[in-house]
Asker: 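Supplied in structure tokens, the structure appears directly below.
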Number of protein chains: 2
Amino acid sequence: MRVLVVEDDPLHASYLREAVRGALPGVIDIVEARDGMEGERLAREPGCASVVMDLQMSRRTGIEAARTIWAERPATRILFWSNYSDEAYVRGISRIVPKEAAYGYVLKTASEDRLKLALRAIFLEAQIVIDREVHQIQHARGRPERGLTEAEHAVLVDAALGLTDRCIARRQHLSLRSVQNRLRGLYDKLEVLPEGNDLAPGDFNQRSRAVARALQKRILNPQELEYAETKLQAWLRGDR
Amino acid sequence: MRVLVVEDDPLHASYLREAVRGALPGVIDIVEARDGMEGERLAREPGCASVVMDLQMSRRTGIEAARTIWAERPATRILFWSNYSDEAYVRGISRIVPKEAAYGYVLKTASEDRLKLALRAIFLEAQIVIDREVHQIQHARGRPERGLTEAEHAVLVDAALGLTDRCIARRQHLSLRSVQNRLRGLYDKLEVLPEGNDLAPGDFNQRSRAVARALQKRILNPQELEYAETKLQAWLRGDR
DNA sequence: AGAGGCCTTGCGGTTTCCCGCAAAAGAGAT
DNA sequence: ATCTCTTTTGCGGGAAACCGCAAGGCCTCT
């Protein structure tokens, strides 16, 4: 059995290496990559069906790497090992995970035992393992009152990138008014206006405020926006 | 001699501990804090004039902790040890460092020797040590054509928080038109409109686009915005 | 003092955003 | 089928953002 470790921090990488050796005695060799780009490349080597992946790396995010890995070989088992449980990450992952894949999401704050348990469950038993803190975010997204719809999220991202209502409408195949309606809903859900009383009616530009709130609430994060930006550039050139 | 280590990642903390012991044989004891809050408290202990500080911690940023530490005892020597060299960090630090303080900024990608050298230079010799990569950003800020003025930066932050032009004007003690002028300058410097040709004239909301670009260029980061948000809330309640 | 720069401010006009109102178009339940 | 509930779309208007133009203030240099 071969395991690929994708992690840019050398200290964390060596810690992971020890944990993998301890948890999985059957491992023959451990391959390491220091960013998503390299990880994608090494994942193409034969017999590399088990990956431990850090999110938040410099050159290429773990989510982007996982996207291409799963696109090429959907049966690959990936354990995401991250500092944070931002909704942005959770949403990004749950959008790309294929039905046939086993995967996991373990926080770096977890104990070594939890990590080893997850390694065995995912790579040996093909189970799904999600830290509770992460799972709660996943769960909240399902409820309509909490969390954002996929559609709302898409509009939010476009607004955060700095597109006008009209351009968002073209991109999402909606009318101008519908985009504004979606935004209106976002302003409510993100609690753009200060609670209850309106001491400061004209103090907030709701559009920009919504983006700020989404960043505060970890619904958006800069890495996600960076990825969305490259897709936007492609769209601006190609389609329109 | 006593050294305070403020670092939320246990792996990095133990690495730091070893480096401090190796570089400074005269160290009697090493105190550790796992976030900025705890760091501020422990820094008040007597004889704690040397601090190694991570930026980017969960509960309270390293910059915030450094601000209060230096406000209370400006002679404290602080070595910032960070993953990134974002302009947002560099700007934040250079705003709060007192004249009489020795300090340093070393990236986590630096070798162990570089780290040890910096520890000795700052804590024993009271020198200033800045990694080259960080220093280049500091330098670019001085030039007027590159980088943003303090005034422009303040307006940018307010806009990113979602304030209207009018509200920014009140906050910065400017006229409405001046705020719009500053924003206009920002739109140029941040290259809000796609280069040269204007294929898409009405596609961008420049205000939101400017924030997105600033995040991409690491001129703003979410932690900084979070701090600015608390200051904004205080201002909204108190002054106005 | 005068000239040239830069920053600030005001005026006026166009565009975009924001939103109430209401009609049309599904989706689902009884 | 009809009756709801939700979503989408259009219309219209008030507020904010965006920007060219120009007048005044403050600085430096000669």
Side-chain angles (χ1 to χ4, degrees), chain A residues 142-194 198-214, chain B residues 142-194 198-214:
Chain A
R143 304 275 159 284
E145 61 279 10
R146 277 235 237 263
L148 309 184
T149 321
E150 277 306 305
E152 285 173 325
H153 182 260
V155 171
L156 175 61
V157 169
D158 280 355
L161 290 177
L163 296 180
T164 61
D165 291 357
R166 170 166 37 239
C167 187
I168 298 175
R170 276 207 306 274
R171 225 177 152 210
Q172 306 286 336
H173 306 289
L174 287 172
S175 77
L176 183 63
R177 192 62 178 82
S178 293
V179 172
Q180 294 175 331
N181 259 343
R182 284 245 220 290
L183 285 171
R184 182 71 180 45
L186 282 171
Y187 300 154
D188 286 346
K189 287 194 180 176
L190 295 171
E191 296 164 297
V192 158
L193 295 177
D198 44 353
L199 286 171
D203 277 359
F204 285 110
N205 173 331
Q206 314 193 55
R207 189 190 204 72
S208 301
R209 181 84 184 144
V211 176
R213 297 285 298 152
Chain B
R143 304 273 160 285
E145 62 277 10
R146 275 232 237 264
L148 309 185
T149 320
E150 277 305 306
E152 284 173 326
H153 182 260
V155 171
L156 175 61
V157 169
D158 281 354
L161 289 177
L163 297 180
T164 61
D165 291 358
R166 170 164 39 238
C167 187
I168 298 176
R170 276 207 307 275
R171 226 177 152 210
Q172 305 288 335
H173 306 289
L174 287 172
S175 77
L176 183 63
R177 193 59 179 85
S178 293
V179 172
Q180 294 176 331
N181 262 342
R182 284 245 219 290
L183 285 170
R184 183 70 177 60
L186 283 170
Y187 300 155
D188 286 347
K189 287 194 180 175
L190 295 172
E191 298 164 300
V192 158
L193 296 177
D198 45 353
L199 286 171
D203 278 356
F204 285 109
N205 173 331
Q206 314 192 57
R207 189 189 205 71
S208 301
R209 181 82 184 147
V211 176
R213 297 285 297 154

Asker: Any non-hydrogen side-chain atom of A/Arg182 less than 4.5 Å from a side-chain atom of A/Ile168?
Answerer: no
Asker: Is the phosphate of D/dT9 approached by A/Ser175 (side-chain N or O, under 4.0 Å from OP1 or OP2)?
Answerer: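 So the side chain of A/Ser175 is within the cut-off, an N or O lying under 4.0 Å from OP1 or OP2 of D/dT9.
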Asker: Under 3.5 Å, which N/O atoms of the protein pair with N/O atoms of nucleotides 4-7 of chain D?
Answerer:
none

Asker: Taking C-beta and beyond as the side chain, do B/Lys189 and B/Leu148 meet within less than 4.5 Å on heavy atoms?
Answerer: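 The answer is yes; the side chains approach within 4.5 Å.
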Asker: Please tell me which of B/Arg184 and A/Leu174 maps to the more 5' nucleotide of DNA chain D, matching each residue to the nucleotide holding its nearest heavy atom.
Answerer: A/Leu174
Asker: Between B/Leu176 and B/Asn205, which is nearer to the 5' end of DNA chain C once each is assigned its nearest nucleotide?
Answerer: B/Leu176
Asker: Looking only at heavy atoms, which two atoms of B/Ala159 and A/Ser208 are closest? And how far apart?
Answerer: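 Heavy atoms only, the tightest pair is O-CB, 3.6 Å.
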Asker: Are any of the side-chain heavy atoms of A/Arg209 and A/Asp203 separated by less than 4.5 Å?
Answerer: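 No; the side chains remain at least 4.5 Å from each other.
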Asker: Report, one pair per line, the protein and nucleotides 22-26 of chain C atoms (nitrogen or oxygen only) whose separation is under 3.5 Å.
Answerer:
none

Asker: Is there a side-chain contact between B/Leu156 and B/Leu190 in this structure, where contact means two heavy atoms from C-beta onward sitting under 4.5 Å apart?
Answerer: yes
Asker: Is the backbone of B/Cys167 close enough, under 3.5 Å, to the side chain of B/Thr164 for a donor and an acceptor to pair up by distance?
Answerer: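 Yes: the side chain of B/Thr164 pairs with the backbone of B/Cys167.
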Asker: Do NZ/NE/NH1/NH2 and the carboxylate oxygens of B/Arg207 and B/Asp165 come within less than 4.0 Å?
Answerer: yes
Asker: With respect to the phosphate group of D/dT8, does any side-chain polar atom (N or O) of A/Gln180 fall under 4.0 Å of OP1 or OP2?
Answerer: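 No, because none of the side-chain N or O atoms of A/Gln180 sits under 4.0 Å from OP1 or OP2 of D/dT8.
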Asker: With heavy atoms under 4.0 Å as the rule, sort A/Thr164 into base, sugar-phosphate or nothing.
Answerer: sugar-phosphate
